[in-house]
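Everything on this sheet refers to the single structure shown next.
FYI, side chains are in, hydrogens and waters are out, and symmetry mates aren't considered; it's all heavy atoms of this structure.
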Amino acid sequence: MSQFQVRKDDFATCRIQATDDVATRAALADGEILLKVDRFAFTANNITYAATGDTLGYWKFFPPVGGDADGWGVTPVWGFADVVESKAPDVAVGERLYGYFPPASFLTVLPVRLTPTRLFDGSAHRTALPPGYNSYSRVQAEKGYEARMDDSRMLLWPLHVTSFCLWDMLADQGWFGARQVLILSASSKTSIGLAYALAADSNAPPAIAVTSRRNSAFVGSLDVYQQVVTYEAIESVDASVPTVIVDMSGNRDVLNQLQAHLGEQLKRCINVGLTHWDTTADVGPIAEHSEFFFAPGHIQRRMKEWGVDEFSAKSSAFLRDTAPKSQRWLEIVRLNGLDGLAEVYADACEGRLAPNQGLIVEMPR
């Protein structure tokens, strides 16, 4: 079978590397399970994983296979897989898991900290990584699990849980004293999730969309932003109003223009994603107002403060509210295996995919 790999020093370059599945099965140790990846989503979030693979450790989750693996990395994805072999007494063949996977045919997992609805991968190379990424949902044991929602879950949960955490952080900080929230790369699914959260909160400042001309009509049709501004017209943003920027783009030129335009009214710039990963070299004067937002860190803090169950209940309620809203405009595009992903990968890297599209890669059975 195969594994989708990208160059760490030029992640716009990809390849499909064959894997020795007979050896993988034979090497299964006591306590381990072998998962057959069934399907996964691919979004701009995965491009961010690649862009920050070294700095945030995303390359560490799934080592590349092959004898010439030096310089290659595996970008994690969110999806579903089925247990096809098990040497773990409490995990049966046929179980279905949702979580973090490589874009590949198989994954070997060492189940630890099992509950009826969850398990964690205790593989040695993952123990120091954020636990939220090592957690797998045993979906067949979930109350109310519906397979028809799998596509939305793969596409939206990893993004909208970040949206929820951003809203929670902004509210916790009193919006940094701002009276408007500028959301850059406003057509991204994480941005839209945050806009949903702000629109539903009567105490929140209004959301202002900053987006490309190509996507402005789509962003306006969502009816969740008070104003839609293109990158070429950022001077139309009201510079007399205290402002917080939530940046999903990583476009430093735009950020520095906004910093100059807003002046002292810029209260904070929250850096989240990198949809414009190729324009991040020059940080510039915006840096003194900026902080990087790492959703797994926020999740861990809230789980300690609220407890796991309360965080899960609150975030799940948010996702139940936002998913139907997104389904009104979301168009699912199904790709045939890793070859199908390779065909559109350059477009994903360059941001050429339509914002209303959601890519689902369906692996061969």
Between T243 and Q265: side-chain donor-acceptor atoms closer than 3.5 Å: no
Nearest heavy atoms of S240 and R179, plus distance in Å: O-NH2, 4.5 Å
Taking every non-hydrogen atom, the tightest pair across A239 and H261: CB-O, 3.4 Å
Within-4.5 Å side-chain heavy-atom neighbours: Q180 and V237: yes
W78 and F40 aromatic centres sub-6.0 Å: no
Heavy-atom side-chain contact between V74 and W59 under 4.5 Å: no
Candidate list F80, F61, F62, Y136, test ring pair (Phe, Tyr, Trp, His ring centres under 6.0 Å), partner F101, passing option: Y136
L35 reachable from V361 in the ILVMFWY side-chain graph, under 4.5 Å edges: yes
Heavy atoms from other residues, nucleotides or ligands near CZ of R213 exceed 12 (cutoff 6.0 Å): no
Atom pair CZ/CZ of R96 and R138 - distance to nearest 0.5 Å: 15.0 Å
Evaluation steps, side chain to side chain donor-acceptor pair (under 3.5 Å), between D247 and S249: CA-CA 6 Å; D247 173 39; S249 73; 2.6 Å; yes
Heavy-atom check, side chain of I360 versus side chain of M154, under 4.5 Å: yes
Side-chain ion pair, R126 and D121, N-O less than 4.0 Å: yes
K304, E305, R302 screened by side chain to side chain contact (heavy atoms under 4.5 Å, CB included) with F311, the one that passes: R302
Flag side-chain contact, heavy atom, 4.5 Å: D321 against Y196: no
Other residues, nucleotides, ligands: >12 heavy atoms within 6.0 Å of D172 CG: yes
Geometric class of the F4/Y345 ring pair [parallel <30°, tilted 30-60°, perpendicular >60°]: perpendicular
L34 CG to L107 CG distance, which is reported to the nearest 0.5 Å: 8.0 Å
CA sep, side-chain torsions, deciding dist, call: D201, W175, side chain to side chain contact (heavy atoms under 4.5 Å, CB included): CA-CA 12 Å; D201 184 347; W175 321 108; 3.6 Å; yes
From CG (N251) to OG (S185), nearest 0.5 Å: 9.5 Å
Audit row: L359, R334, side chain to side chain contact (heavy atoms under 4.5 Å, CB included) steps and yes/no: CA-CA 6 Å; L359 303 182; R334 302 192 185 280; over 6 Å; no
Member of F120, Y58, Y133 meeting the ring pair (Phe, Tyr, Trp, His ring centres under 6.0 Å) criterion with Y100: Y133
Pair W329 and F218, ring centroids less than 6.0 Å apart: yes
Among N356, L155, I192, side chain to side chain contact (heavy atoms under 4.5 Å, CB included) partner for L330: L155
Distance (rounded to the nearest 0.5 Å) between L262 CG and L182 CG: 6.5 Å
Side chain to side chain contact (heavy atoms under 4.5 Å, CB included) evaluation trace for L184 with V246: CA-CA 6 Å; L184 275 62; V246 178; over 6 Å; no
Heavy atoms of other groups near N336 CG, more than 12 under 6.0 Å: no
